[in-house]
Amino acid sequence: MKKLSFIIPLGILSAVATAQVAPTFKHVQNIGLSAEFVPAGDYGDTVGDVTSDGTNLYAVGFINASATPGKVGILQIADPLGAETKTKLYSTSDSPGVVAAAGGRESHINFTNNALFFAFGMGQAHPTDGTAVGWTQSACMRWAFSTNQHDGIWATIGYSPNTTDTTPGFLTSGEVNGTVTGSNNRIDGMAIDPIGGNRIAFGCRNRGAIYRFLDGNGQVAGPLTNPGNFAFSGNGRVVRGIAFNALGDLFARVNNDVYLAKRNATGFDLEVKIIDLPVADTQMVNIAYVPATANNDEFIVINDRSTGTTGASSALIYQHDAFGVWSNVGSVTLNGSEAIGGTGQTAWSNGNVLSFKSASIGGKNYLLVTDTKRVDMYELTGPTTPVSGHLSVTGYSGPNFNTEVFTARIYSGSTLVDTQSFTCGNDGNYTFQTTATGTVDVKVSGDLTLARAATSFTLGGLMPNLVLLNGDIVDDGVVDLSDYTYVVVNFNKVSTDPDWNTADGSGISPAMSDVTRDGTVDLSDYTEIVVNFNAVDE
């Protein structure tokens with residue numbers, strides 16, 4: 001069945017946003033990783049974080065706090081939206097002299113400058129062995145794709161027991177292992193700071209500080225400090241997640257709120273609370289910044305832990321409008337159970353922590369959500385506009401017009417920008433949603449019909465009525481002798497015949513010669529072909 005298609009060249013977007021419109025986070029993929037992240041495996045027993053190089057995904061693991069320390073690593077996932085080919089990129093078992101007694105409790109990974117920067121053992125001791133320094137190898141490593149190998153410890157976060165790197169980081173061995181009373185200084189945040197050579201930044205939990213490493217040599221660049229800003233002392237301000245936008249503005253989850261520190265010529269402006277979540281209602285850990293797609297909007301995704309360990313976590317979307325106001329877009333709250341291809345799935349299993357990452361893959365924006373044993377992918381599109389109208393198909397006399405499927409293909413010039421399938425009521429009226437905007441051209445085709453066009457249509461209005469010419473059985477854009485021949489060959493066939501839906505070598509069945517949809521190939525189908533003979537797609 002050939003689909004309806006609408007060709008829509010996009011107009012110029014308005015430079016000023018108007019009303020806030022909910023974004024579309026379309027659940028497009030669920031990648032199960034339970035077979036790869038297992039006890040005593042190469043990657044750890046739990047997926048900790050994921051990143052993308054624009055084509056592939058890279059999932060990094062850690063070992064659950066109640067498990068025995070062991071090896072951890074990185075799994076490469078090629079063609080994540082298709083065949084999902086999974087291969088080992090790196091495991092600490094490959095280089096025991098570089099990373100001793102790995103494990104984790106938490107792990108992070110980011111891609112920049114043609115390299116992966118990843119950190120295991122993010123600063124908390126194994127609960128049964130508070131003196132085992134090797135358990136918390138708090139260091140950042142780099143995998144360089146130019147050489148296709150890691151180049152050792154790139155930057156020491158905390159005390160390192162490794163004999164090849166004894167340089168202390170900004171945490172002492174006591175802090176790393178939790179033997180300093182009240183410290184519990186896990187490194188909970190890791191993000192790419194785009195200013196100054198894409199430096200790697202880490203959020204230090206109970207120090208209430210964010211440290212940045214110089215790209216290239218791994219030396220500590222010092223905390224991101226302004227008077228009264230993000231260098232907090234003691235346990236009063238807890239940093240649990242950080243993110244940057246393209247301008248280098250800093251978003252940080254501090255305590256149970258999200259703060260924004262705008263970049264200036266010398267550092268950062270004083271932080272401003274942009275999201276306030278009462279502890280009694282919502283607990284959160286990780287955050288992700290999602291860049292704008294339309295209407296000057298941008299988004300923050302946060303981990304809602306309000307259900308605790310007995311229920312599934314969810315991801316909440318907060319949106320920024322043109323007036324600088326951040327507010328929850330409740331209609332797009334995510335919980336991992338959204339339908340993919342019309343089929344629902346199990347909600348996220350982890351009641352505590354989800355990890356988020358914004359990534360561009362194949363030229364499209366996605367939100368990546370990491371649960372304990374899976375990665376979910378959400379395609380991010382801009383606000384949608386309803387398209388409504390009326391259509392008819394010449395000669396159609398079947399009883400079930402509302403079951404016919406039509407498709408809208410939307411173009412900007414010659415570039416396809418959106419495709420939507422939809423059905424009509426028996427009265428021919430329809431509505432579907434598109435992300436296209438402005439004044440457009442529309443081309444429409446349906447099963448066994450020729451395409452018909454509506455030009456210079458401004459989205460938001462009512463589509464002009466469309467009459468689709470019937471009889472293009474072979475789907476080549478013209479009603480001609482090839483279509484006529486199929487009607488002749490199948491003449492007098494009826495829907496109760498055993499071969500009614502049996503296709504020939506060209507994929508055409510007798511049912512497809514019944515262009516009027518009345519259950520019989522007869523004179524009415526012959527007449528429809530004759531009336532529309534030599535008509536072509538518009």
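Note that this is a predicted model, so its numbers are computed, not measured.
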J.: Determine the sole option in Y90, F111, W143, F62 for which the ring-ring contact (aromatic ring centres under 6.0 Å, His included) test with F118 is passed.
T.: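 The option that passes is Y90.
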J.: What class does the angle between the rings of F37 and Y43 fall in, given that below 30° is parallel, 30 to 60° is tilted and above 60° is perpendicular?
T.: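 Rings of F37 and Y43: tilted, as their planes differ by 30° to 60°.
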J.: Within the distance-only criterion (no hydrogens, no angle test), does the side chain of E338 pair as donor or acceptor with the backbone N or O of N335 below 3.5 angstrom?
T.: yes
J.: Does the side chain of V478 come within less than 4.5 Å of D537's, by heavy atoms?
T.: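 Not in contact.
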J.: When you look at CZ of F491, are more than 12 heavy atoms from neighbouring residues, nucleotides or ligands closer to it than 6.0 Å?
T.: yes
J.: For the rings on Y378 and F299, is their centre-to-centre separation under 6.0 Å?
T.: no
J.: Is it true that the side chains of N470 and T394 contain a donor and an acceptor less than 3.5 Å apart?
T.: no
J.: Counting C-beta onward and ignoring hydrogens, is there a side-chain heavy-atom pair between V444 and L468 closer than 4.5 Å?
T.: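 Yes, side chains in contact.
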J.: To the nearest 0.5 Å, how far apart are CG in D504 and OH in Y486?
T.: 4.0 Å
J.: Supply the atom-to-atom distance L354 CG to N303 CG, rounded to the nearest 0.5 angstrom.
T.: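 Here the interatomic distance stands at 4.5 Å.
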J.: With K26, which residues qualify under salt bridge (charged side-chain N to carboxylate O under 4.0 Å, His left out), at least two apart?
T.: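 So K26 forms no salt bridge (charged side-chain N to carboxylate O under 4.0 Å, His left out) with any residue.
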J.: Which one of D483, N490, T485 satisfies the side-chain hydrogen bond (donor to acceptor under 3.5 Å, both in side chains) criterion with S513?
T.: N490
